[in-house]
**Q** 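First the structure, then my questions, so here it is.
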Amino acid sequence: VPFGSVDEVEQALRRESYLPDRGLATAVYLALKLQRPLLLEGEAGVGKTEVAKTLARILEAELVRLQCYEGIDVAQALYEWDYARQLLYVRSLQAGELDPTERMRELYGPEFLLERPLLRAIRAGAGAVLLIDELDRADDEFEAFLLELLGEFAVTLPEIGTIAAVDPPAVIVTSNRTRELHDALKRRCLYHWIDFPELEREVAIVRTRAPEVDERLAFSVARAVGELRALDLVKPPGVAEAIDWARALAALGADEAVGDAARTTLGWAVKNHEDLERAAESLR
Amino acid sequence: VTHDALVRFGRALRDEGLPVGTDRIEAFCGAAAALAPDDLYWAGRLTLVGRPHELEAYDRVFRAFFGGSPAAPERARVRVQLDVALEEDAGLASRTELLRQKDFASLSPEELAELAALMERVRLGVPRRRSRRRAPARGGDADLRRTLRRSLRTGGEPVERLFRERRRRPRRLVLVLDVSGSMADYSRALVLFAHAALRGDRRWEAFCFGTRLTRVTRSLATRDPDEALRRTAAEVADWEGGTRIGESLQRFLDDHGHRGLARGAVVVICSDGLDVGDPELLRAQAARLSRLAHAVVWLNPLKGDPRYEPLARGMAAALPYIDVFVSGHNLASLEAFGTELARL
């Protein structure tokens, strides 16, 4: 385990400009210590994906990212054969071959294997951080397949044999809750719900991510964004939106998120037409 | 804190309805051992909780166990009785036909029980969409994987060329049922309908609303219609209460629909459209829904009456955004609707 305590995780994340709360730091520490996947849920824009990216930098590991979508299957997630090259190879062998069995083996050799993210992560083992992003978008069958893989960290390719990770990679799974993930999968994971940060932490996050923004503007943006979130909007602004908005205001030379400057730049924080009108009214 | 106390804490959560199995308790003990005593709260939260709405119960039980002790509020439960044995009847065929045509509002409890059995046969066809996944087909794109495999039989010469095509999958169906007081005569029959419909595909969802929205997909996921009805009524806190269609629809869109549940789906709203709330809110939400969904269907039992006109302010406001407006006041109309659905 690369960390001796939760505090060390917290400091390491801070050094990489990610300001976690105690819960998230604990979650990351436990995930590494107990070698369990970490399932992160929360509103869009609270920094779920960023956790994996930051962790990969800290561990100096390769970030292997699997973006899920509806209809994703083994060929896109695990491995596929390079059929076009295999076909060409077969054709080039056609004229009088010596040993067909040997040739067959070559046909399914590593040079024709296209490695997809899951296989890549298994091969890299502890040298990788595997990010399975937006798992709720994939369908149930894929979730079941993943369940097996996350349990064993081994995969059997019929043509080659079993490939297993010596030390499993750190695994971070994110979901936006468009649907409920299966209990079986959740049981295998540590579960952490990431909330929007409280005011002070948001100010600090904005300041860390956008150093050109001064304290007063950062505070004003964080407070305004907090008020927008309380408005019950269709798409409440996330932390990423707060940072973008603060940057835009700073570029215009504004001191605070008020008045015309705030109204003209509001599109950085609120990105839904119906929301915009209500949000504009609530600005000071 | 002893190992024993941790196990008892896990059990207490289970009593609160959290799905805490032995494996989760084991993980909890492992996490607690790996952390400082001050982080016990997080050790439990990360291993024993799996959904955001469980956090409230977790916090409450944690406080009760390791400090403070607020009592759990008892929630009033609604009971629905449908335990009526089916009568043996000689003229069953004609009775069935009568029942199919009979307005839900005039059903006796015995007839409702019979209806439940008939409802089970209702199958909904929904329109299909192209998925990303491909399947073998007679034409379409070249399927190199299978062509190559097949070519091995013919000495590496791809004699037989195979194709694949994007699969067509049924769209998601989402039912949103009004169970407020004004719909009392219809709500039981509609819940039975939802129960039967949801068995068609496990990705389909159902919601109930009066003044607030409740997801009832899980309550309906049981074989027995009687049990489904009981569980749904128990789950929905405002059964036969007031109506706020606009707010409920907004909740549906904010919490579920906008996140993907309604996107490209067929959304069926069952309501009489009698809403005392702001019609503008309902109009705006219906507009949002029509932009997200593939088709919006409104079943209004009042429409079973030929003299009915959608004059109620709420209904009139939503009407421009509705693709199909039908009655659904008896089984025959629901069956007709079921077949029409596939053509949307």
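Letters A, B, ... are given to chains in the order of the sequence lines, protein chains preceding strands, and every chain is numbered from 1.
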**Q** Examine whether an atom of A/Q86 lies under 4.5 Å from a heavy atom of chain B, and if so say whether it belongs to the side chain, the backbone or both; otherwise answer neither.
**A** both
**Q** With rounding to the nearest 0.5 Å, note down the distance linking CG in B/L40 to OG1 in A/T26.
**A** 11.5 Å
**Q** Between A/R177, A/R188, A/K235, A/R36, which shows the greatest number of heavy-atom pairs under 4.5 Å with chain B?
**A** A/R177
**Q** Count the heavy atoms of every other residue, nucleotide or ligand shown that sit under 6.0 Å from CZ of A/R85, and state whether that count exceeds 12.
**A** yes
**Q** To the nearest 0.5 angstrom, please state how far the OH atom of A/Y191 sits from the CD atom of B/E54.
**A** 8.0 Å
**Q** Sort B/A284 into side chain, backbone, both or neither according to what part of it lies under 4.5 angstrom from a heavy atom of chain A.
**A** neither
**Q** For A/N176 versus B/R259, what's the shortest heavy-atom pair and its separation?
**A** O-NH1, 3.7 Å
**Q** More than 12 heavy atoms of other residues, nucleotides or ligands under 6.0 Å from CZ of A/R22: yes or no?
**A** yes
**Q** Measuring heavy-atom distances to chain B, does A/L190 have an atom under 4.5 Å in its side chain, in its backbone, in both, or in neither?
**A** both
**Q** Can you say whether A/V234 sits under 4.5 Å from chain B via the side chain, the backbone, both, or neither, judging by heavy atoms?
**A** both
**Q** Given that the side chain runs from C-beta out, which part of B/R288 has a heavy atom under 4.5 Å from chain A: side chain, backbone, both or neither?
**A** side chain
**Q** Near A/E8 CD, under 6.0 Å, is it more than 12 heavy atoms from other residues, nucleotides or ligands?
**A** yes
**Q** Counting only heavy atoms closer than 4.5 Å, note whether A/Q76 contacts chain B via side chain, backbone, both or neither.
**A** neither
**Q** Using 0.5 Å steps for rounding, measure from the NE2 atom of B/H258 to the CG atom of A/N272.
**A** 5.5 Å
**Q** I'd like to know whether CD of B/E26 has more than 12 heavy-atom contacts from other residues, nucleotides or ligands below 6.0 angstrom.
**A** no
**Q** Could you name the residues of residues 45-53 of chain B that have a heavy atom within less than 4.5 Å of a heavy atom in chain A?
**A** B/R45, B/L46, B/T47, B/V49, B/G50, B/R51, B/P52
**Q** Is A/I72 close to chain B through its backbone or its side chain, or both, or neither, when contacts mean heavy atoms under 4.5 Å?
**A** backbone
**Q** State, to 0.1 Å, how close B/A34 and A/L30 come at their nearest heavy-atom pair, and which atoms those are.
**A** CB-CD2, 3.9 Å
**Q** Measuring heavy-atom distances to chain A, does B/R218 have an atom under 4.5 Å in its side chain, in its backbone, in both, or in neither?
**A** side chain
**Q** So what's closer than 4.5 Å to chain B heavy atoms on A/D7: side chain, backbone, both or neither?
**A** neither
**Q** Would you call A/D139 and B/R203 a salt bridge, taking side-chain N to carboxylate O under 4.0 Å as the test?
**A** no
**Q** Using heavy-atom distances under 4.5 Å, tell me whether B/R251 contacts chain A through its side chain, its backbone, both, or neither.
**A** side chain
**Q** Could you tell me which portion of B/H256 (side chain, backbone, both or neither) has an atom closer than 4.5 angstrom to a non-hydrogen atom of chain A?
**A** neither
**Q** Would you mind checking which part of B/R145 comes under 4.5 Å of any heavy atom in chain A, side chain (CB onward), backbone (N, CA, C, O), both or neither?
**A** both
**Q** Is B/R263 paired with A/E70 through a side-chain N to carboxylate O contact shorter than 4.0 Å?
**A** no
